[in-house]
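What you see below is based on every heavy atom in this structure, not just the backbone, and it leaves out hydrogens, waters and symmetry mates. Every number for a ligand or one of its atoms is a count from 1 in the order of the listing.
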Amino acid sequence: MPLTINGTERTFDGDPRTTLLDYLRRDCNLTGTKKGCDHGQCGACTVLINGQRINSCLTLAVMHDGDAITTIEGLGDPQNMHPLQAAFVRHDGYQCGYCTPGQICSAKAMLDEAALGWPSFVTPDITGEVRLTRDEIAERMSGNLCRCGAYSNIVDAIVEIMEAQR
Ligand code: FES
Ligand code: FES
């Protein structure tokens with residue numbers, strides 16, 4: 001079964017019970033994607049599938065026939081960081097860093113969702129323009145937990161990139 005991971009075509013022919021998370025980490029050696037809870041509760045395993053965020057622990061690799069998957073390694077690397085990665089560094093948006101790949105993948109998709117006008121639970125007027133306030137960002141990132149409590153700096157990093165994209 002073909003799929004594309006960070007721009008490289010691959011073939012999945014493993015056990016159909018394999019989660020996408022285990023496939024990425026174990027079979028593709030893409031260990032930037034983290035296993036926190038393995039139950040869809042922490043967001044550490046967030047990756048992008050066709051540009052949309054998903055908890056890779058909650059989906060099977062075999063369900064992604066033909067999909068384009070982007071992990072943190074596909075967003076950037078230390079020599080050529082994605083703007084969000086650089087902003088997380090500038091704003092100290094992490095401590096241990098375990099949640100960080102998931103936070104950054106999630107933030108990337110979240111900014112795209114807001115740009116498309118998708119409302120969140122705290123959007124005051126779902127028929128109006130989406131304005132990404134800090135409360136909006138916190139709500140939209142609430143699926144990504146940080147045990148180190150770097151939330152305020154994570155939001156600072158995202159705000160910087162949001163303002164740069166205006
Ligand atoms: S490891 Fe997937 S949500 Fe926690
Ligand atoms: S930086 Fe440690 S869990 Fe978020």
- request: Indicate yes or no: at least one non-hydrogen side-chain atom of Arg10 is less than 4.5 angstrom from one of Thr4.
  value: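 In short, these two side chains do not touch, never coming nearer than 4.5 Å.
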- prompt: Can you find a pair of side-chain heavy atoms, one from Thr46 and one from Ile104, that are under 4.5 Å apart?
  reply: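 Thr46 vs Ile104: side chains apart.
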Run the numbers for me: atoms of ligand 1, each under 4.0 Å from some heavy atom of [X], listed by number.
X: Cys57; result: 1 (S), 2 (Fe), 3 (S)
X: Gly40; result: 3 (S)
X: Cys37; result: 1 (S), 3 (S), 4 (Fe)
X: Cys45; result: 1 (S), 2 (Fe), 3 (S)
X: Asp38; result: 1 (S), 4 (Fe)

task: Can you tell me which residues line ligand 2 if we count any heavy atom under 4.0 angstrom from one of its atoms, in chain and number order?
output: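 Residues Tyr94, Gln95, Cys96, Gly97, Cys99, Cys146, Arg147, Cys148 each place a heavy atom under 4.0 Å from ligand 2, listed by chain and number.
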query: Is it the case that one hydrophobic cluster holds both Leu30 and Ile54, taking links as side-chain heavy atoms less than 4.5 Å apart, direct or via other members?
result: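 Same hydrophobic cluster.
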task: Could you go through the ring pair (Phe, Tyr, Trp, His ring centres under 6.0 Å) check for Tyr94 and Phe88 one step at a time?
output: CA-CA 7 Å; Tyr94 51 85; Phe88 268 64; 7.4 Å; no
Minimum heavy-atom distance Thr33-Cys45, with the two atoms named: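 What the structure gives for the nearest pair is CG2-O, 3.5 Å.
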field: Minimum heavy-atom distance between Asn153 and Asp92, given as atom pair plus value
entry: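 Nearest heavy atoms, Asn153 then Asp92: ND2-O, 3.1 Å.
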query: Are Arg134 and Asp156 close enough, and set up right, to give a salt bridge (Lys or Arg N to Asp or Glu O under 4.0 Å), and what steps lead you there?
result: CA-CA 9 Å; Arg134 292 182 75 88; Asp156 287 347; 2.9 Å; yes
- prompt: Ignoring hydrogens and geometry, is there a side-chain-to-backbone donor-acceptor pair from Tyr23 to Leu60 under 3.5 Å?
  reply: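 No, because the side chain of Tyr23 does not come within donor-acceptor range (under 3.5 Å) of the backbone of Leu60.
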